[in-house]
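Heads up: the structure comes next, in structure tokens.
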Amino acid sequence: MNSTFKYRLRSPLGGLAADLTAECTPPGAGDEFFLLVDRNVRLSLPQVVNWRDAAWLSFGLAVHAPDLISRNPRGMFVRVLSFEFPLAHFRSEVAALAMDGWLRQEFALPDRGLRAVFDEEKGSYGFRWGDCAEPFSDGLPE
């Protein structure tokens, strides 16, 4: 059965928003294309999705993959049915926050510290990734 998580952060600029509808099934329940996020944690995306949103949805799932595997050693298949957002109130990083919220809502997982904050001094948003390394850093010299 699917469920929807509505991410919202209000700010003087209006805020950030995204709605994520997803479901979880045992691995092997479908033969559609998926991203292998971590060992037996798989992610299926809607037919049309921006590559940045796909990367951030994957990151949001990867943060919780160890907890999911410990609860389900055979693995999990997370199928995103829809990911919607108002263009005026969105940054791709919000996809990770929406996935984090959906997973915590569905499985009562611990808060890993993923956050968006509005920096009044700069007039922009900042993102915090808890104890995770900087997302998508591969340690290569620049």
Side-chain angles (χ1 to χ4, degrees), residues 1-140:
M1 186 158 129
N2 67 59
S3 64
T4 301
F5 178 80
K6 295 176 181 283
Y7 177 83
R8 301 291 185 270
L9 173 70
R10 299 206 187 286
S11 79
L13 296 180
L16 298 172
D19 296 351
L20 174 74
T21 301
E23 64 185 5
C24 188
T25 62
D31 60 354
E32 73 254 37
F33 173 82
F34 63 85
L35 301 174
L36 185 60
V37 173
D38 186 343
R39 292 180 288 191
N40 289 330
V41 177
R42 298 170 182 174
L43 175 63
S44 171
L45 298 166
Q47 203 166 14
V48 177
V49 66
N50 181 281
W51 69 270
R52 287 181 180 96
D53 301 342
W56 285 108
L57 286 165
S58 298
F59 175 75
L61 180 55
V63 167
H64 292 286
D67 289 325
L68 295 170
I69 292 288
S70 71
R71 292 176 183 205
N72 301 290
R74 286 188 39 234
M76 298 189 96
F77 192 93
V78 175
R79 182 179 291 117
V80 175
L81 302 172
S82 70
F83 182 61
E84 300 171 344
F85 49 87
L87 290 176
H89 301 287
F90 184 74
R91 290 206 13 205
S92 289
E93 293 93 330
V94 172
L97 302 175
M99 178 61 77
D100 168 64
W102 183 82
L103 289 165
R104 290 191 299 124
Q105 171 184 282
E106 283 298 300
F107 302 105
L109 296 175
D111 184 347
R112 296 289 179 207
L114 279 62
R115 302 269 185 283
V117 294
F118 181 74
D119 184 331
E120 299 222 14
E121 207 171 279
K122 294 180 182 176
S124 65
Y125 297 100
F127 296 88
R128 300 208 170 60
W129 307 114
D131 292 335
C132 300
E134 186 65 26
F136 312 114
S137 63
D138 55 13
L140 295 175

Please name the pair of heavy atoms, one in [X] and one in [Y], separated by the smallest distance, quoted to 0.1 Å.
| X | Y | answer |
| --- | --- | --- |
| A17 | P86 | O-CD, 3.7 Å |
| V63 | C132 | CG2-SG, 3.7 Å |
| F77 | P26 | CB-O, 4.0 Å |
| P110 | H64 | O-CE1, 3.4 Å |
| A65 | V41 | CB-CG2, 4.1 Å |
| L13 | G123 | CD1-O, 3.5 Å |

Measuring from atom [atom1] of [X] to atom [atom2] of [Y], what distance do you get when rounded to the nearest 0.5 angstrom?
| X | Y | atom1 | atom2 | result |
| --- | --- | --- | --- | --- |
| F33 | L45 | CZ | CG | 7.5 Å |
| L103 | C24 | CG | SG | 8.0 Å |
| F127 | E134 | CZ | CD | 11.5 Å |
| L114 | F59 | CG | CZ | 5.5 Å |

Within [range] or reaching into it, pairs that qualify as salt bridge (charged side-chain N to carboxylate O under 4.0 Å, His left out) - sequence neighbours excluded:
| range | value |
| --- | --- |
| residues 4-24 | K6-D19, R8-D19, E23-R79 |
| residues 82-103 | R91-E93, D100-R104 |
| residues 59-77 | D67-R112 |

Between L68 and L109, is the side-chain contact (heavy atoms from CB on, under 4.5 Å) condition met? List the steps. CA-CA 9 Å; L68 295 170; L109 296 175; 3.9 Å; yes
Taking atom CG of D119 as the centre, does the number of heavy atoms from other residues, nucleotides or ligands within less than 6.0 Å exceed 12? yes
In terms of relative ring orientation, are Y125 and F118 parallel, tilted or perpendicular, with 30° and 60° separating the classes? perpendicular
Please collect all side-chain hydrogen bond (donor to acceptor under 3.5 Å, both in side chains) contacts where either partner lies in residues 36-55, sequence neighbours excluded, each pair once. E32-S44, D53-S92
Beyond-backbone contact of [X] with [Y], side-chain heavy atoms, under 4.5 angstrom:
| X | Y | answer |
| --- | --- | --- |
| L20 | Y7 | no |
| L43 | M99 | yes |
| T21 | V80 | no |

Residues at least two apart in sequence or cross-chain that pass ring-ring contact (aromatic ring centres under 6.0 Å, His included) with F85, listed by chain then number, are F83, F90
Apply ring-ring contact (aromatic ring centres under 6.0 Å, His included) to W102 and list each qualifying residue two or more places apart in sequence or on a separate chain. none
Are E106 and S3 close enough, and set up right, to give a side-chain contact (heavy atoms from CB on, under 4.5 Å), and what steps lead you there? CA-CA 8 Å; E106 283 298 300; S3 64; 2.4 Å; yes
